[in-house]
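Here the structure is laid out as structure tokens; the discussion comes afterwards.
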Amino acid sequence: MRAGKPGVKNGAGWIKEPYDPETIFQLDRYHIYQEILRKIGDRKAQKEIRELFDAEKQKR
């Protein structure tokens with residue numbers, strides 16, 4: 001990365017290397033939903049979380 005210009009990267013696994021402390025990781029909608037599915041086992045909770053996320057996005 002160039003000095004003074006932090007990079008912005010999405011949630012793809014391959015993009016996290018090499019490590020750069022100046023990098024900002026910002027997940028896109030696809031990767032957010034993917035992480036909800038990976039981290040939350042309960043399907044009803046997954047649905048509720050996605051609905052809350054979508055409701056918040058619509059406010060903006």
Side-chain angles (χ1 to χ4, degrees):
M1 296 288 144
R2 290 180 288 169
K5 298 269 185 174
V8 177
K9 299 179 180 181
N10 71 14
W14 62 268
I15 210 158
K16 294 178 181 173
E17 294 295 332
Y19 174 74
D20 181 353
E22 297 294 317
T23 299
I24 298 168
F25 289 96
Q26 180 174 330
L27 297 179
D28 56 22
R29 184 175 298 237
Y30 172 83
H31 288 103
I32 290 171
Y33 285 170
Q34 186 178 53
E35 287 301 309
I36 291 170
L37 294 175
R38 285 182 180 163
K39 307 288 191 213
I40 309 296
D42 182 271
R43 294 214 184 256
K44 183 178 177 186
Q46 290 172 354
K47 183 178 183 223
E48 290 175 9
I49 292 168
R50 286 192 309 264
E51 288 172 354
L52 288 169
F53 176 75
D54 289 338
E56 185 62 32
K57 292 297 269 184
Q58 290 176 2
K59 288 181 182 179
R60 296 178 186 195

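Values in this document were obtained by computation on a predicted structure and should not be read as measured data.
In the hydrophobic clustering of ILVMFWY residues, with side-chain heavy atoms under 4.5 Å counting as a link, Tyr30 and Phe53 come out apart.
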Can you give me every donor-acceptor pair (side chain of residues 37-45, partner residue at least two apart or in another chain, under 3.5 Å) with its distance?
from  : atom 1 : to    : atom 2 : distance (Å)
Arg38 : NH1    : Glu35 : OE2    : 3.1
Asp42 : OD1    : Lys44 : N      : 3.1
Asp42 : OD1    : Ala45 : N      : 2.7

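Remark: Arg29 pairs with Asp54 by the salt bridge (Lys or Arg N to Asp or Glu O under 4.0 Å) rule, at least two apart or across chains.
Atom CD1 of Ile36 sits about 11.0 Å away from atom CD of Gln34, to the nearest 0.5 Å.
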